[in-house]
Each structure stands twice: as C-alpha cells, then as structure tokens.
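Handing you this structure, nothing more for now.
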Amino acid sequence: MGSDPRVVIVGGGPAGAVAALVLARRGVRVTVLESGSGPSAKVGETLPPSIAPLLRHLGIEGWLERDGHLRSQGNRSLWGSPEPGESPFLSNPYGEGWHVDRQRFEARLAEAAQEAGAEWRWGCRVERRSDIPAAFVADADFVADATGRSSRLARGLGAKRLRYDRLVGICALLSSPTPAVDTYTLVEATPEGWWYSALLADGRLAVAFLGDGDLLRSFPWGERLRETSATRERVEAHGYGTDSPLRTLPAESSRLDTIAGDNWLALGDAAVSYDPLSSYGMASAMGSGFYGGHAIADMLGGRAEARLAYLDVMQKACGTCLDLQREHYAREHRWPDAPFWQRRHAPEYGQGTL
C-alpha cells in the first residue's frame, strides 16, 4: 500500500456520500462512482429525531431548515386497533423529525463530500469490481459497496443476499390544490399489509402500500386505498389526486452473508436493509456511512481491529431492528388468518432467511 491510500466508493446515495465526506475530512483520497447522472426524485423519506446528533456531528443539521425540508410533528398509527394512536415528537429530547426531499438532500450530501475533497463521478455504473474503470481502481487500496439493496459490487465479490421476507412498497405521489398541513407520519394496518403516508415540503403526499410481493399479483391500489379509514380520509379531505405513476420498490429486510472482505466492505442498504416500518431507512444508511468511513480510514492507517468494530456495530443494529420489528408486528392481531400476518406472527419470522 502506498503512502497516500485511495478509496473507491460505488454508489452515491446517503451511505456512500456520508462515507466519502468522513474519509475526505480525514485526509483520505476518495472517489465516488454513481450510476445516475444526478440525484433522482424519490417518493420521500422521514428522518427520525434520533438522527439529530449525527447531523450535528457532520455539520449538516442546518441544511434541513435552509433547504426547505418539512418538520415532522410525530407518528400516528392505526395498529392493533381501529382507533388511531399518536406519538408526538414534542417531548423527544432530540426535537422534531423531518420529511425530506430525497433528491435535494442527496444533492447536498454530494456537494458536501466534494467540498471536503472527494472526487465525484456521475454516470458510472458498476456491477462488480472488475467493472470499475482502470483509471479509478489501479491505485485504489480499498473499495466500498454503497449500491443499495442490489449490493452489486459485494455480490460480484462473492457475497450472497439473504432475505427475511418478501415485502415490497407500491408507491405514489399525490398532489392537491389545497395541501394538508398535518405533518404526522401515518401508518395504517390492513388485512393485506399496511399503508404509509407523509406530507412533503412541496405539499404533495407520499402514499405507499406495503405488502408481500408474492401475495400482490394484481393489487387494486386505488380500490384498497378507498377501503382504509384514516389514510382515505387524509387523501379525500384535501382532494389529493395521483401526481405520478405507481412504482413498486423492494422493501424487504435483508442483509449480506458477509459485509466485509479483503480491502472491501458494504455500506448502508448494501450491507443491511430494513423494513420501512422500522423508520431506520436513511438514518441507518447514514449511520453506516459514518461508521464505515471511519473504519476504512482506520484500517488504512494500520488499525486492523476497525474492521471487527464495524462488523460489531452493524450486527448489533441488525439484531436490534429485527427484534423491534417482530415485536411491532406482533401487536397487530386483528387478522390472524391473513397470510401476510400469519407470516409475521410465525415463530421463525426474522430468525431465518428465504
């Protein structure tokens, strides 16, 4: 290894961008290869209050207000009961959460990494390590996979993807001439799965149905939406209509059988991805990018134990999330004969992989 080591990160989402920011600030030469031509529009994301210390540590907390992201007042759910329950963030020691514009937020993260000294290359699609352009990998001492659930790079290096369930999200963005002002995240359980909705800063409403893909061969999304109670009321009260085509996206809990090897490791969803019910999404990805970035810098500095420390952090996070997920699904018992809920109430749920 040379005196000036270099890292290549494949994937420029939240995990890859935070890792690049950490590495650049620690004086490590880092290049990010992102397949897209720029950050793409996404359905939306809610950042929980607990992410505030990380945002503050990275020096990016102030962006949220300045860039027009929307504060979240709390969570509301119809789960285990037809009556809604609320968890306001008013008393949370970390303050409020945020509904973020993913495209704007990811653009900002990329800018911060570049300002810190990271090299950023848009339009570079990589399927496996041998696909990384020679100009970038010739002097790379370490490679990180931040390609999301596809984990393209790690699988090309021999890792296998292990899935705990078959969850997918069928998502839409709805618009209204008189947008809502309620910034609570709403979750509503139904026999076939559950609904999520959240207001975005531009007034649109992100709405998604989460269910097992193999049970939704022909799912009448609009019809099922009208059969809900709180979600339907939220949509109809403000005259929300479809602003974009429905999109079906993977949402399963899954992980790699190994998240680190010789001079490589996986970050964010490429390493471990969580059921959206956990609200771990972006917060988990950014946390992984933070710890992974420091682990890479430490390993390049001769601290081999940093690899084990990163593995330990990720293993504990995964175990904790799966435990909480099992507990939360167990609280919904109104449809014990429905296949979706039978799967999640089975003793082996979250223990074995598909």
Side-chain angles (χ1 to χ4, degrees), residues 14 42-56 58 60-106 108 169 171-190 194-210 225 228-240 243 251 274-287 321 324-325 327-328 331-332:
K42 296 181 174 68
V43 172
E45 187 83 33
T46 299
L47 291 177
S50 58
I51 200 175
L54 176 59
L55 296 176
R56 204 168 297 133
L58 293 172
I60 61 179
E61 188 178 31
W63 296 353
L64 296 167
E65 190 80 61
R66 290 196 301 270
D67 288 353
H69 301 288
L70 187 66
R71 291 185 182 273
S72 172
Q73 298 169 303
N75 298 318
R76 183 179 297 117
S77 65
L78 287 81
W79 198 277
S81 167
E83 300 301 319
E86 291 190 355
S87 300
F89 292 149
L90 185 64
S91 59
N92 193 294
Y94 296 116
E96 296 171 301
W98 292 89
H99 297 305
V100 298
D101 179 317
R102 282 287 299 272
Q103 187 173 22
R104 192 182 312 164
F105 187 75
E106 290 185 17
R108 275 293 214 170
C171 319
L173 291 174
L174 309 184
S175 60
S176 167
T178 56
V181 295
D182 177 4
T183 65
Y184 271 75
T185 297
L186 174 64
V187 171
E188 180 173 356
T190 68
W194 52 277
W195 289 83
Y196 159 96
S197 62
L199 188 67
L200 303 181
D202 61 6
R204 290 186 296 175
L205 190 68
V207 181
F209 175 78
L210 286 297
L225 173 60
T228 64
S229 57
T231 307
R232 183 195 70 245
E233 181 180 349
R234 188 178 211 184
V235 170
E236 293 181 351
H238 295 273
Y240 275 102
D243 188 45
Y274 300 108
D275 184 320
L277 187 65
S278 69
S279 297
Y280 273 29
M282 253 176 65
S284 172
M286 293 176 67
C321 182
L324 291 173
Q325 198 169 296
E327 290 174 12
H328 199 77
R331 296 188 187 118
E332 180 52 84

Next on the checklist: Once salt bridge (Lys or Arg N to Asp or Glu O under 4.0 Å) is applied, what residue pairs with a partner in residues 200-210 remain, sequence neighbours excluded?
Outcome noted: D202-R204, R204-D243

Checklist entry - Of the non-hydrogen atoms in L210 and P276, which two are nearest, and what is the gap between them? => result CD1-CG, 4.1 Å

Item to check | Set of side-chain hydrogen bond (donor to acceptor under 3.5 Å, both in side chains) partners for S197, sequence neighbours left out | outcome: R234

Item to check | Pairs touching residues 81-94 that satisfy side-chain hydrogen bond (donor to acceptor under 3.5 Å, both in side chains), sequence neighbours left out | outcome: R76-E86

Checklist entry - Of all residues at least two apart in sequence or in a different chain, which pass the salt bridge (charged side-chain N to carboxylate O under 4.0 Å, His left out) check with D275? => result none

Next on the checklist: Which residues pass the salt bridge (charged side-chain N to carboxylate O under 4.0 Å, His left out) test with R71, not counting sequence neighbours?
Outcome noted: E65, E96

Checklist entry - Mind checking what makes side-chain hydrogen bond (donor to acceptor under 3.5 Å, both in side chains) contact with Y196, not counting sequence neighbours? => result T46

Item to check | Under the side-chain hydrogen bond (donor to acceptor under 3.5 Å, both in side chains) test, residues paired with E106 that sit two or more places apart | outcome: K42, R102

Item to check | Qualifying residues under salt bridge (charged side-chain N to carboxylate O under 4.0 Å, His left out), relative to E236, sequence neighbours excluded | outcome: R232

Item to check | Partner residues of C171 under the side-chain contact (heavy atoms from CB on, under 4.5 Å) criterion, sequence neighbours left out | outcome: V43, A208, L249

Item to check | side-chain hydrogen bond (donor to acceptor under 3.5 Å, both in side chains) against T231, all qualifying residues, sequence neighbours excluded | outcome: E188

Counting only pairs under 3.5 Å, give me each side-chain donor-acceptor contact of residues 47-56, with atom names and distances, residues two or more places apart or in other chains.
from : atom 1 : to  : atom 2 : distance (Å)
R56  : NE     : E61 : OE1    : 3.0
R56  : NH2    : E61 : OE2    : 3.2

Next on the checklist: Taking side-chain contact (heavy atoms from CB on, under 4.5 Å) as the definition, give me every residue that meets it alongside A189, ordered by chain and number, with sequence neighbours left out.
Outcome noted: W79, E332, R334, W335, W341

